[in-house]
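The block underneath contains the structure these notes are about, expressed in structure tokens.
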Amino acid sequence: LWVGVVSLFPDMFAALTEHGVTGRAVEKGQLTLEYWNPRDYATDRHRSVDDRPYGGGPGMLMKVDTLRGAIADARQRAADATGLAPKVIYLSPQGKKLDQQGVQTLAEQSPLVVVAGRYEGIDERVVESDIDEEWSIGDYVLSGGELPAMVLIDAAARLIPGVLGHQDSAIEDSFNAGLLDCPHYTRPEVIDDVSVPEVLLSGNHAAIRRWRLKQSLGRTWLRRPELVDEQALDKEQRRLLNEFIEEYAL
Ligand SMILES: O=C(NCc1ccc(CNCc2ncc[nH]2)cc1)c1csc2nc[nH]c(=O)c12
């Protein structure tokens with residue numbers, strides 16, 4: 001997965017490149033991040049990267065010439081590095097709400113150029129001329145597009161074959177696709193007089209699998225019922241969920 005990052009704060013992306021699964025993906029060449037900082041395109045003495053909004057009002061916008069210069073170079077590099085035209089994504093509160101389906105789609109469209117805004121955002125003409133898609137990561141106000149860009153890149157990187165070392169976790173992800181996770185337990189067997197559910201100590205892997213599926217279904221039904229409706233439950237899942245609901249109602 002090749003990602004060109006347009007950002008005033010490229011150092012923030014060390015959170016991805018220097019840690020964990022995504023850090024190893026970069027080391028192994030499964031994930032490539034390259035950076036273009038609009039500040040490097042500033043030509044004035046103060047190296048300004050923001051500009052005042054027409055019509056007045058509070059706040060500033062990303063300066064057009066420095067931003068467009070960075071986007072153009074990132075686009076060119078993406079094409080040179082991969083031989084493919086990039087999909088240019090602008091992270092913005094006005095964007096489409098990102099979910100796993102959206103991540104899946106974006107992960108298949110490498111190379112990507114992600115544009116992280118700061119200030120109040122960017123000139124609408126730049127959105128129309130330079131941006132292919134606008135994406136938001138949720139209805140809460142952040143200080144810029146960098147964290148949203150990292151959320152997108154992290155989620156997309158996990159979908160690259162071979163990135164998630166232990167394949168079973170990727171299978172689990174698909175197994176529970178669309179459902180909340182079941183409860184998890186590890187040592188010690190008892191914490192403050194509370195024990196681990198017996199079934200997990202039984203070694204009966206069929207029973208453990210059923211218990212975990214029932215817990216996923218039940219928790220999804222309790223906490224995120226709208227996710228259950230979307231799922232076309234098979235016979236076994238419907239039976240397990242009904243069992244959970246009956247036990248819950250007791
Ligand atoms: O760049 C981002 N945020 C910076 C930011 C925050 C607030 C404003 C000000 N908007 C004024 C307004 N809004 C409604 C009416 N008036 C502009 C820019 C961002 C990118 S993706 C994303 N996903 C979730 N949340 C986010 O903040 C983001």
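Indexing begins at 1, ligand by ligand and atom by atom, following the structure's order.
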Answer yes when R209 and E236 have at least one side-chain N-carboxylate O distance shorter than 4.0 Å, and no when they do not. yes
Kindly assign one of parallel, tilted or perpendicular to the pair F13 and Y35, based on the angle between their ring planes and the thresholds 30° and 60°. tilted
Sorted by chain and residue number, the salt bridge (Lys or Arg N to Asp or Glu O under 4.0 Å) partners of E120 (sequence neighbours excluded) come out as none
Could you check whether D181 pairs with R212 (Lys NZ or Arg NE/NH1/NH2 to Asp/Glu carboxylate O, under 4.0 Å)? no
Should you measure from each heavy atom of V141, which atoms of ligand 1 turn up under 4.0 Å away? 6 (C), 7 (C), 27 (O)
So, are E133 and K87 salt-bridged, with charged N and O less than 4.0 Å apart? yes
Is there any N or O on I137 that sits under 3.5 Å from an N or O of ligand 1? yes
Taking the six-membered ring for Trp, are W211 and Y185 parallel (under 30°), tilted (30 to 60°) or perpendicular (over 60°)? tilted
To which protein heavy atom is atom 25 (N) of ligand 1 closest, and what is the distance rounded to 0.1 Å? Y140 O, 2.7 Å
Heavy-atom distance under 4.5 Å between the side chains of L31 and I153, does that happen here? yes
Numbering as shown, the atoms of ligand 1 that approach Y119 to under 4.0 Å (heavy-atom distance): 17 (C), 18 (C)
Please tell me if the side chains of V6 and P38 come closer than 4.5 Å, counting only heavy atoms from C-beta onward. yes
Per-atom contacts, ligand 1 versus G145 - under 4.0 Å to a heavy atom: 1 (O), 20 (C)
I want to check something: taking the side chain as every heavy atom from C-beta on, are Y90 and D130 in contact at a cut-off of under 4.5 Å? no
The answer for which part of P148 has a heavy atom under 4.0 Å from ligand 1 is side chain
Return the residue, atom name and 0.1 Å-rounded distance of the protein heavy atom closest to atom 27 (O) of ligand 1. L142 N, 2.9 Å
Give the residue, atom name and distance (to 0.1 Å) of the protein heavy atom nearest atom 24 (C) of ligand 1. G138 O, 3.1 Å
Answer yes or no: does an N/O atom from G121 fall short of 3.5 Å to an N/O atom of ligand 1? no
Can you find a protein heavy atom closer to atom 5 (C) of ligand 1 than 4.0 Å? yes
Are there protein heavy-atom neighbours of atom 14 (C) of ligand 1 below 4.0 Å? no
For atom 28 (C) of ligand 1, the option (of G95, P93, P58) bearing the nearest heavy atom: P93
Sequence-distant partners of D51, salt bridge (Lys or Arg N to Asp or Glu O under 4.0 Å), two or more places apart: none
Close-contact set for ligand 1 against S92 heavy atoms, below 4.0 Å: 20 (C), 21 (S)
Between W135 and ligand 1, is there a nitrogen or oxygen pair with a distance under 3.5 Å? no
Atom 9 (C) of ligand 1: the protein heavy-atom neighbour that sits closest, reported with distance to 0.1 Å: E120 OE1, 3.2 Å
